[in-house]
Amino acid sequence: MNSFAKYFRALSVLLTLFTAMSDACWTKRTYLTLTNDLGPGLQLSLHCKSGSVDLGQQHLAPQGSWSFDFCSSFWGVTSYFCNVVWNGGNKWFDVYTGKRDSFICGECGWSIRPTGPCRDHGGKVDCFPWNS
């Protein structure tokens with residue numbers, strides 16, 4: 001087999017491997033749950049997305065929850081934000097940023113409140129203001 005054919009074959013094998021591995025999760029999987037804690041009778045509509053993934057519109061009844069999971073980037077640049085709409089409110093916040101959450105959120109729960117979102121991770125609750 002000549003050298004060109006050897007290189008071509010090796011390149012084909014590597015390309016096949018990288019294509020197969022592109023769907024693999026090489027970092028820890030992150031699980032997020034968002035709960036409607038706006039109050040009695042207040043429906044919540046939320047739309048979460050990252051730069052490349054649109055998770056679609058979700059509708060949560062009072063105390064209703066919705067979850068999603070993803071593989072965060074090895075480089076810590078993964079981010080998701082959510083737009084939340086309810087009677088009298090239209091806000092948005094960063095539900096996950098690699099810089100802030102990668103070492104905290106293996107599993108994080110978010111309580112969506114009128115004053116802002118609160119993140120529960122392992123029994124510790126951190127509340128944040130809405131993004132401006």
Side-chain angles (χ1 to χ4, degrees):
M1 189 183 295
N2 68 32
S3 61
F4 176 76
K6 287 180 185 177
Y7 288 121
F8 183 75
R9 188 172 190 182
L11 182 61
S12 296
V13 168
L14 286 175
L15 184 59
T16 302
L17 271 173
F18 285 127
T19 302
M21 293 179 350
S22 66
D23 292 333
C25 186
W26 294 101
T27 60
K28 68 178 182 175
R29 184 161 286 281
T30 301
Y31 299 88
L32 301 179
T33 300
L34 293 90
T35 301
N36 177 357
D37 284 326
L38 293 172
L42 291 175
Q43 297 283 334
L44 172 66
S45 175
L46 60 96
H47 192 166
C48 300
K49 46 173 105 169
S50 73
S52 60
V53 177
D54 186 337
L55 298 171
Q57 193 81 24
Q58 308 297 321
H59 301 282
L60 302 179
Q63 295 304 306
S65 295
W66 173 69
S67 300
F68 69 98
D69 62 273
F70 57 93
C71 290
S72 56
S73 161
F74 175 78
W75 307 108
V77 296
T78 302
S79 66
Y80 281 86
F81 66 93
C82 297
N83 175 254
V84 294
V85 179
W86 72 93
N87 186 18
N90 184 351
K91 309 287 185 179
W92 72 279
F93 71 102
D94 298 310
V95 69
Y96 182 91
T97 62
K99 187 178 233 179
R100 180 190 70 196
D101 301 314
S102 65
F103 295 107
I104 294 172
C105 286
E107 291 185 31
C108 278
W110 284 91
S111 170
I112 310 303
R113 303 173 183 177
T115 55
C118 294
R119 179 187 62 203
D120 181 343
H121 54 98
K124 184 173 189 295
V125 177
D126 297 311
C127 293
F128 299 88
W130 296 111
N131 292 359
S132 53

For this session: May I have the step-by-step check of ring pair (Phe, Tyr, Trp, His ring centres under 6.0 Å) for Tyr80 and Phe70, ending in yes or no?
Result: CA-CA 10 Å; Tyr80 281 86; Phe70 57 93; 4.6 Å; yes
Exercise. Passes side-chain contact (heavy atoms from CB on, under 4.5 Å), Val125 versus Asp120? Steps please.
Worked result: CA-CA 4 Å; Val125 177; Asp120 181 343; 4.2 Å; yes
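For the atom pair Tyr31 OH and Asp69 CG, the distance stands at 5.5 Å (nearest 0.5 Å). Going from atom CG of Asn36 over to atom CG of Leu44 covers 4.5 Å, rounded to the nearest 0.5 Å. Here the CZ-CH2 distance, from Arg113 to Trp130, works out to 10.5 Å after rounding to the nearest 0.5 Å. Here CZ of Arg29 is found 12.0 Å from CD of Glu107. Values are rounded to the nearest 0.5 Å. Taking CZ from Phe81 and CG from Leu46, the interatomic distance works out to 12.5 Å, rounded to the nearest 0.5 Å. To the nearest 0.5 Å, the span separating CZ on Arg119 from CG on Asp94 amounts to 11.5 Å.
Contact detail for Val85 and Asn90: the closest heavy-atom pair is CG2-OD1, 3.6 Å. Of all non-hydrogen atoms in Ser79 and Ser50, the two that sit nearest each other are O-CB, 3.0 Å. The shortest heavy-atom contact between Ser65 and Thr33 is CB-CG2, 4.0 Å. Closest approach of Lys124 to Asp126, counting heavy atoms only: NZ-OD1, 2.9 Å. Smallest separation of non-hydrogen atoms from Asp37 and Pro114: O-CD, 4.0 Å. Residues Leu38 and Leu42 share a closest heavy-atom pair of O-CD1, 3.6 Å.
A heavy-atom distance below 4.5 Å is not found between the side chains of Cys108 and Asp101. The shortest distance between side-chain heavy atoms of Phe93 and Pro129 does not fall below 4.5 Å.
At least one donor-acceptor pair closer than 3.5 Å links the side chain of Trp110 to the backbone N or O of Val95. For the pair Asn83 (side chain) and His47 (backbone), a donor-acceptor distance under 3.5 Å is absent. Under the 3.5 Å distance criterion, the side-chain polar atoms of Asn87 are left unmatched by any main-chain donor or acceptor of Gln43.
Leu55 and Trp92 fall into different hydrophobic clusters, where Ile, Leu, Val, Met, Phe, Trp and Tyr are joined by side-chain heavy atoms under 4.5 Å apart, directly or via other members.
For the 3.5 Å distance criterion, the side chains of Ser111 and Thr35 fail to qualify, holding no donor opposite an acceptor.
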